[in-house]
Amino acid sequence: MIRVVIADDHALVRTGFRLIVDSEPDMTVVGEAATGLAAVSLATAEHPDVVLMDIRMPVLDGIEATRRLGARADAGPRV
């Protein structure tokens with residue numbers, strides 16, 4: 001099972017991606033985040049295989065959030 005975190009500051013976008021991901025038999029959404037900082041925290045806690053990351057988000061943009069996830073000792077999820 002491929003574990004996915006969705007990070008976007010628009011709830012409607014997150015909902016749409018969740019519907020798409022959850023419709024696949026080998027994929028599941030393990031969490032959603034509305035800010036880059038929340039995405040980093042959620043990915044650290046849930047250990048997803050993939051993070052769907054928006055670039056422009058409040059608190060911490062998706063580019064910096066991606067850098068932080070990629071700098072993890074365990075190489076982190078694919079973003």
Side-chain angles (χ1 to χ4, degrees):
M1 183 69 64
I2 299 170
R3 297 166 44 85
V4 180
V5 164
I6 300 169
D8 195 293
D9 56 326
H10 295 95
L12 188 58
V13 172
R14 291 193 312 272
T15 300
F17 278 126
R18 178 181 277 277
L19 289 171
I20 293 167
V21 171
D22 282 342
S23 72
E24 295 298 320
D26 60 342
M27 299 173 76
T28 187
V29 174
V30 295
E32 297 180 17
T35 71
L37 191 58
V40 172
S41 295
L42 184 59
T44 300
E46 292 295 330
H47 305 287
D49 300 300
V50 176
V51 176
L52 298 176
M53 182 83 71
D54 185 16
I55 292 175
R56 294 187 336 189
M57 288 186 288
V59 182
L60 183 71
D61 67 43
I63 293 171
E64 181 58 28
T66 299
R67 280 190 195 115
R68 290 184 187 187
L69 289 173
R72 290 178 20 185
D74 65 354
R78 306 287 264 162
V79 180

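Only this structure's heavy atoms are used, side chains among them; waters, hydrogens and symmetry mates stay out.
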- Close side-chain approach of Leu69 to Val51, heavy-atom, < 4.5 Å: yes
Search all heavy atoms of [X] against all heavy atoms of [Y] and return the closest pair with its distance.
{"X": "Asp9", "Y": "Arg14", "answer": "C-NH1, 3.8 Å"}
{"X": "Ala39", "Y": "Ala7", "answer": "CB-CB, 3.6 Å"}
{"X": "Thr66", "Y": "Gly62", "answer": "OG1-O, 2.7 Å"}
{"X": "Ala43", "Y": "Pro48", "answer": "O-CD, 3.3 Å"}
{"X": "Asp54", "Y": "Met57", "answer": "O-CE, 3.4 Å"}
{"X": "Gly31", "Y": "Leu42", "answer": "C-CD2, 3.5 Å"}

Do side-chain atoms of [X] reach the backbone of [Y] as a donor and acceptor pair under 3.5 angstrom?
{"X": "Asp26", "Y": "Ile2", "value": "no"}
{"X": "Arg68", "Y": "Val40", "value": "no"}
{"X": "Asp49", "Y": "Arg3", "value": "yes"}

Going from [atom1] on [X] to [atom2] on [Y], what distance comes out if it is rounded to the nearest 0.5 angstrom?
{"X": "Leu19", "Y": "Ser23", "atom1": "CG", "atom2": "OG", "result": "8.0 Å"}
{"X": "Met1", "Y": "Glu24", "atom1": "CE", "atom2": "CD", "result": "11.0 Å"}
{"X": "Asp22", "Y": "Ile6", "atom1": "CG", "atom2": "CD1", "result": "7.0 Å"}

- Query: Counting heavy atoms not belonging to Leu12, are there more than 12 under 6.0 Å from its CG?
  - Reply: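 Result for CG/Leu12: open.
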- Message: Please say yes or no: joined through hydrophobic side-chain contacts below 4.5 Å, possibly via intermediate residues, are Ile55 and Met53 part of one cluster?
- Response: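 Ile55 and Met53: separate clusters.
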- What about Val5 and Ile63, same hydrophobic cluster or not, with Ile/Leu/Val/Met/Phe/Trp/Tyr joined at side-chain heavy-atom distances under 4.5 Å? no
- Query: Step by step, would you call Thr35 with Leu60 a side chain to side chain contact (heavy atoms under 4.5 Å, CB included)?
  - Reply: CA-CA 6 Å; Thr35 71; Leu60 183 71; over 6 Å; no
- Task: Could you go through the side chain to side chain contact (heavy atoms under 4.5 Å, CB included) check for Val21 and Leu52 one step at a time?
- Result: CA-CA 10 Å; Val21 171; Leu52 298 176; 4.2 Å; yes
